[in-house]
Novice: 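Submitted below is the structure of interest, expressed as structure tokens.
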Amino acid sequence: MILPRSFYDRPTLDVARELVGKVLVHRTRGVVTSGRIVEVEAYIGESDPACHAAPGRTRRNAPLYGAPGFAYVYLNYGIHHLVNAVTEPVDHPAAVLIRALEPVDGLRAMRRRRHLPAKGRRRTEGVAIPDVDLCKGPGNLTQALGIHLIHGGLDLCDSPLFIEDVGGDAPTLSWGPRIGIRVGTDRLWRAWIAGHPSVSAARQSSSGRSVLSLNA
DNA sequence: CGTTCGATGCACT
DNA sequence: GTGCATCGAACGT
């Protein structure tokens with residue numbers, strides 16, 4: 001079942017917690033690619049310095065202020081597309097960033113897209129990407145699923161891009177600081193499936209940093 | 001193993 | 001002109 005708008009129209013941390021284990025699906029030209037969400041981050045409100053709404057409403061972040069259940073896609077570092085699910089009622093700017101998936105459907109298409117020369121790169125390496133790494137990291141998963149800026153603003157409740165509840169037990173979550181940001185690292189708003197091989201690793205500037213983990 | 005660095009495009013000041 | 005919610009190649013150990 002496709003998650004209804006009411007799922008997204010709730011406190012963002014609740015949505016983030018429950019998105020883990022759901023399946024993100026993208027249908028394109030008869031090709032279906034999908035993956036089980038194994039890692040997310042919450043970005044909540046203008047008071048969150050890492051949220052794109054921190055500077056107030058702009059043309060770029062307008063979707064965050066809009067209705068819940070829509071996709072917020074943007075390009076960062078000039079290379080990577082990142083996909084979020086907008087949460088909370090209108091005028092409450094917040095979203096959940098999808099950071100990693102366990103590949104489910106369309107692995108062949110994922111491999112093809114991932115091995116395409118990445119934007120800004122001469123070519124991808126000849127070594128095959130392990131299946132478990134195809135959607136590891138927010139930039140990699142959008143490439144694998146073929147999600148681009150065009151898909152920003154799509155209705156996750158009624159479009160070729162959607163999130164499904166496929167049943168099964170709720171996974172055991174770990175929570176820790178969001179990664180890849182320079183502000184707002186005090187908030188433990190990153191959630192992932194403990195020990196899952198498709199969860200992205202933080203790039204640390206110093207070695208041996210341990211991540212604080214809390215069971216949900 | 002570990003860390004550093006450049007690519008790249010867009011929104012915003 | 002500046003700064004990024006990244007990635008992987010290229011180093012150093």
Side-chain angles (χ1 to χ4, degrees), chain A residues 12-13 15-16 19-20 24 37-66 70-88 93-101 110-111 113-130 132-153 175-192 197-211:
Chain A
T12 303
L13 291 177
V15 178
L19 272 181
V20 180
L24 176 66
I37 298 171
V38 297
E39 180 188 357
V40 298
E41 282 176 0
Y43 290 86
I44 310 174
E46 296 181 348
S47 61
D48 173 6
C51 182
H52 279 183
R57 190 174 200 140
T58 65
R59 178 148 89 260
R60 178 207 206 188
N61 66 27
L64 294 176
Y65 291 79
F70 286 79
Y72 172 54
V73 181
Y74 84 101
L75 184 65
N76 88 115
Y77 295 101
I79 299 173
H80 305 287
H81 296 88
L82 273 60
V83 63
N84 301 250
V86 175
T87 59
E88 310 214 12
V96 175
L97 169 69
I98 313 298
R99 285 197 56 93
L101 311 174
M110 290 183 187
R111 280 184 216 107
R113 290 167 176 155
R114 288 293 316 275
H115 286 292
L116 247 36
K119 189 186 283 189
R121 266 173 216 295
R122 301 191 166 178
R123 73 180 66 167
T124 27
E125 276 313 292
V127 184
I129 300 170
V132 77
D133 292 345
L134 283 171
C135 302
K136 182 183 205 162
N140 287 334
L141 79 88
T142 54
Q143 187 181 8
L145 265 62
I147 298 172
H148 309 286
L149 284 183
I150 329 271
H151 304 107
W175 291 82
R178 297 171 294 179
I179 59 182
I181 54 174
R182 307 183 63 115
V183 291
T185 51
D186 55 313
R187 293 159 166 85
L188 306 186
W189 287 352
R190 174 178 178 239
W192 66 96
S198 293
V199 170
S200 70
R203 187 178 309 271
Q204 308 288 10
S205 55
S206 59
S207 64
R209 284 245 324 262
S210 62
V211 177

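Throughout, a chain's letter reflects where its sequence line sits, starting with A, and its residues are numbered from 1. What you are looking at is a predicted structure, and each value in this text was computed from that prediction instead of being measured.
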Novice: A/R99 has an atom CZ; how far is it from atom C1' of C/dT6, in whole Å?
Specialist: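 For the pair A/R99 CZ and C/dT6 C1', the rounded distance is 9 Å.
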Novice: Mind calculating the distance between OH (A/Y77) and C1' (C/dT2) to the nearest angstrom?
Specialist: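 From A/Y77 OH to C/dT2 C1': 13 Å.
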Novice: Which heavy atom of A/T185 sits nearest a heavy atom of A/R178, and at what distance?
Specialist: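 Minimum heavy-atom contact is CG2-O, 4.3 Å.
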Novice: Rounding to a whole Å, what distance do you find between A/E39:CD and C/dA5:P?
Specialist: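 It works out to 15 Å between those atoms.
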Novice: Out of A/R57, A/E46, A/E88, which one pairs with A/Y65 under the side chain to side chain donor-acceptor pair (under 3.5 Å) rule?
Specialist: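 Single side chain to side chain donor-acceptor pair (under 3.5 Å) partner of A/Y65 among A/R57, A/E46, A/E88: A/E46.
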Novice: If I take atom CZ in residue A/R60 and atom P in nucleotide B/dG9, what distance separates them, rounded to the nearest angstrom?
Specialist: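 Value for this atom pair: 15 Å.
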Novice: If you take any heavy atom closer than 4.0 Å to DNA chain C, which residues from residues 47-55 of chain A end up in contact?
Specialist: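 Under 4.0 Å from DNA chain C: A/A50, A/H52.
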Novice: Contact class for A/R178 vs. all strands (heavy atom < 4.0 Å): base, sugar-phosphate, or nothing?
Specialist: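 Nothing: the residue A/R178, judged by heavy atoms under 4.0 Å, touches no strand.
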Novice: Would you name the heavy atoms of A/A53 and A/L64 that are closest together and state the gap between them?
Specialist: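 Smallest heavy-atom distance, with atoms named: N-CD1, 3.9 Å.
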Novice: What is the distance, rounded to the nearest whole Å, between atom NE2 of A/H81 and atom P of B/dT8?
Specialist: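 Value for this atom pair: 14 Å.
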Novice: What's the CD1-C1' distance between A/I181 and C/dC7, to the nearest Å?
Specialist: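 Answer to the nearest Å: 18 Å.
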Novice: Using the rule given for side-chain contact (heavy atoms from CB on, under 4.5 Å), can you reason through A/R187 versus A/W175, listing the C-alpha separation, both sets of side-chain angles and the distance that settles it, and then say yes or no?
Specialist: CA-CA 10 Å; A/R187 293 159 166 85; A/W175 291 82; over 6 Å; no
Novice: Please state how far atom CG in A/L75 lies from atom C1' in B/dG9, giving the value in whole angstrom units.
Specialist: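 My rounded result for the distance is 6 Å.
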Novice: To the nearest 0.5 Å, what is the distance between CG on A/L141 and CZ on A/R114?
Specialist: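 Between A/L141 CG and A/R114 CZ, I get 9.5 Å after rounding to 0.5 Å.
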Novice: Could you check A/I129 against A/V183 and say which one's nearest nucleotide on DNA chain C is further toward the 5' end?
Specialist: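 First, find each residue's nearest nucleotide; the 5'-ward one identifies A/V183.
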Novice: Treat a base pair as Watson-Crick or G-U wobble with both distances under 3.5 Å, then lay out DNA chain C in dot-bracket form, 5' to 3', with | for cross-strand pairs.
Specialist: ||||.|||||||.
Novice: In whole Å, what separates the C1' atom of C/dG8 from that of B/dC10?
Specialist: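 So the two C1' atoms sit 22 Å from each other.
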Novice: Where the side chain of A/H80 is defined as all heavy atoms beyond and including C-beta, which of C/dT6, B/dC10, B/dA7 is the nearest nucleotide?
Specialist: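 Looking only at heavy atoms from C-beta outward on A/H80, the closest nucleotide is C/dT6.
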Novice: Just the rounded figure in Å: distance from C1' of C/dA5 to CG of A/L97.
Specialist: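 Nearest whole value for this atom pair: 6 Å.
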Novice: Pair A/L19, A/I98 - check side-chain contact (heavy atoms from CB on, under 4.5 Å), show working.
Specialist: CA-CA 9 Å; A/L19 272 181; A/I98 313 298; 4.3 Å; yes
Novice: Would you sort out whether A/V15 and A/V40 count as a side-chain contact (heavy atoms from CB on, under 4.5 Å), showing the intermediate values?
Specialist: CA-CA 10 Å; A/V15 178; A/V40 298; over 6 Å; no
Novice: Identify which nucleotide among C/dA5, B/dC10, B/dA7 has an atom closest to any side-chain atom of A/Y43, counting heavy atoms from C-beta outward.
Specialist: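 Selected nucleotide (nearest to the side chain): C/dA5.
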Novice: Mind checking A/N84 for me? I need base, sugar-phosphate or nothing, with any heavy atom below 4.0 Å counting as a touch.
Specialist: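 Touches a base.
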Novice: Should A/V20 and A/W192 be marked as a side-chain contact (heavy atoms from CB on, under 4.5 Å) after you check the CA-CA gap, both sets of side-chain angles, and the distance that decides it?
Specialist: CA-CA 7 Å; A/V20 180; A/W192 66 96; over 6 Å; no
Novice: When the P atoms of C/dA10 and B/dT8 are compared, how many Å lie between them, rounded to an integer?
Specialist: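 Each nucleotide's P atom is 15 Å from the other's.
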Novice: Looking only at heavy atoms, which two atoms of A/M110 and A/L134 are closest? And how far apart?
Specialist: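 Smallest heavy-atom distance, with atoms named: CB-CD1, 4.0 Å.
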Novice: What are the two closest heavy atoms between A/A50 and A/I181, and how far apart are they?
Specialist: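 The answer is CB-CD1, 3.8 Å.
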Novice: Would you say A/R114 places a side-chain N or O within less than 4.0 Å of OP1 or OP2 belonging to C/dG8?
Specialist: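 The answer is yes; a side-chain N or O of A/R114 sits under 4.0 Å from OP1 or OP2.
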Novice: Just N and O in the side chain of A/N140: are any of them under 4.0 Å from OP1 or OP2 of C/dG8?
Specialist: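 True: A/N140 side-chain N/O within range (under 4.0 Å) of C/dG8 OP1/OP2.
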